[in-house]
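Below is one structure, written out as structure tokens, with a few remarks after it.
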2 protein chains.
Amino acid sequence: MTTAAPTPSSRDLPHPAREEIRLEGVLHALSDPVRLRIVRELAAEGVELSCSHFVLPVTKSTTTHHFRVLRESGVIRQIYEGTAKMNGLRRDDLDELFPGLLDCLLTAAARQAARRGGG
Amino acid sequence: MTTAAPTPSSRDLPHPAREEIRLEGVLHALSDPVRLRIVRELAAEGVELSCSHFVLPVTKSTTTHHFRVLRESGVIRQIYEGTAKMNGLRRDDLDELFPGLLDCLLTAAARQAARRGGG
DNA sequence: CCCGTACTACGATGTTTATCGTACGAGCAG
DNA sequence: CTGCTCGTACGATAAACATCGTAGTACGGG
């Protein structure tokens, strides 16, 4: 029937289980401007995005580092898809652990961006 | 008796203005377990507390350091009162800048504490 | 098979951070 | 004034972190 499984790929990456996600870790992950920006864009698009989708003011190595921090803190989920690595927010897990927190943080970030960037 | 003005004291400490408070800074401040604990207790009590009120697993020097980080990031307000230094949450400023964020974070922290500490 | 693209792994570097100990300054109680 | 408590300042230290460059691995297309 619905053989929906789209080739789970060979490599997969270590993610913390839902219960292992720590609030402090999430806050630390989001306390970096580059990472906060990544998460904002991920939330805005609403779909999984490859690393190369993002135009960031740092090199590729550093980008890799930031994505890893986000993954290891439990904020995003990363899955290989061919040569690309797709990134998606762990909305379900975060909402279950900390209801409303993610949206609250995104709203706060948007407000700050509007205040500073928009005028 | 009711000498309402409680001697504003001689020394006072540098605080960021409301507009200078950065979300990243707040998140970074709260991403440390010791500081998160301080903020939780401050919120729970609802009143200003002296530094010595807190029983923390670090030395006095380190405690001073953490309170300074909280103050410089705009999370708390510190005022000298005699030899004691009173600490209060900057609820008004934070709520104005990031509505709902502080409560959301406190709720998340409480949930996590209940899950881990309370069983 | 060879090449290009996407991302990683490793090592280096400079900065920040959490922590401590000790010595000091400010207010309060004798 | 003396001594006490509260908190600071400064210096040291070890760990963590953000950043980079280079070299390498994995996958897909010719």
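Within every chain, numbering begins at 1; the chains are lettered A, B, ... in the order of the sequence lines, protein sequences first and strands thereafter. This is a predicted model, so every value here is computed, not measured.
The separation between A/Ile79 atom CD1 and D/dC27 atom C1' is 17 Å, rounded to whole Å. What separates NE2 of A/His65 from C1' of D/dC17 is a distance of 6 Å, to the nearest Å. Separating the CZ atom of A/Phe67 from the P atom of C/dA9 is a distance of 15 Å, rounded to the nearest angstrom. Separating the CG atom of A/Asp32 from the P atom of C/dT15 is a distance of 17 Å, rounded to the nearest angstrom. Across the protein-nucleic acid pair, A/Asn87 atom CG and C/dC7 atom C1' stand 11 Å apart, rounded to whole Å. To the nearest angstrom, C1' of D/dA23 lies 12 Å from NZ of A/Lys60. For the pair A/Glu81 CD and D/dA26 P, the interatomic distance rounds to 19 Å; values are reported in whole Å. Computed from coordinates, the B/Glu24 CD to D/dC17 P distance equals 17 Å when rounded to whole Å.
A/Leu42 and A/Leu56 fall within the same hydrophobic cluster, defined by Ile, Leu, Val, Met, Phe, Trp and Tyr side-chain heavy atoms under 4.5 Å apart, directly or through other members.
Between B/Ser52 and D/dG7 there is a side-chain polar atom (N or O) within less than 4.0 angstrom of OP1 or OP2. For the OP1/OP2 pair of C/dT17 and a distance below 4.0 Å, the side-chain nitrogens and oxygens of B/His28 include at least one atom meeting the criterion. Phosphate proximity of D/dA18 to A/Thr62: absent, as no side-chain N or O sits under 4.0 Å from OP1 or OP2. Look at B/Arg68 and you won't find any side-chain N or O under 4.0 angstrom from OP1 or OP2 of D/dG7. Listed pair B/His66 / C/dT19 meets the phosphate criterion, a side-chain N or O lying under 4.0 Å from OP1 or OP2. A/His53 has no side-chain polar atom (N or O) that falls below the 4.0 Å cut-off from OP1 or OP2 of C/dA6. Distances shorter than 4.0 Å separate some side-chain N or O of A/Thr59 from OP1 or OP2 on D/dC20.
Within the nucleic acid shown, B/Thr63 has no heavy atom closer than 4.0 Å to any nucleic acid atom.
In this structure the side chain of A/Arg22 never reaches within 4.5 angstrom of the side chain of A/His28, judged on heavy atoms. No side-chain heavy atom of A/Asp93 sits less than 4.5 Å from a side-chain heavy atom of A/His15.
Judged by atom type and distance alone, B/Thr83 does not reach the base of D/dG7 through any side-chain donor-acceptor pair under 3.5 Å.
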task = Starting from the C-alpha separation in whole Å, work towards a yes-or-no answer on side chain to side chain donor-acceptor pair (under 3.5 Å) for A/Glu41 and A/His53.
result = CA-CA 10 Å; A/Glu41 192 157 344; A/His53 170 95; 3.2 Å; yes
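Of the candidates C/dC20, C/dC7, C/dT19, C/dC20 carries the atom nearest the B/Ser61 side chain, counting heavy atoms from C-beta on. Each of C/dC7, D/dC20, C/dA18 was ranked by its minimum atom distance to the side chain of A/Val58; first place goes to D/dC20. Of the candidates C/dT19, C/dC20, C/dA18, C/dA18 carries the atom nearest the B/Arg35 side chain, counting heavy atoms from C-beta on.
A donor and an acceptor atom, one from each side chain of B/Thr64 and B/Ser61, are nowhere located under 3.5 Å apart.
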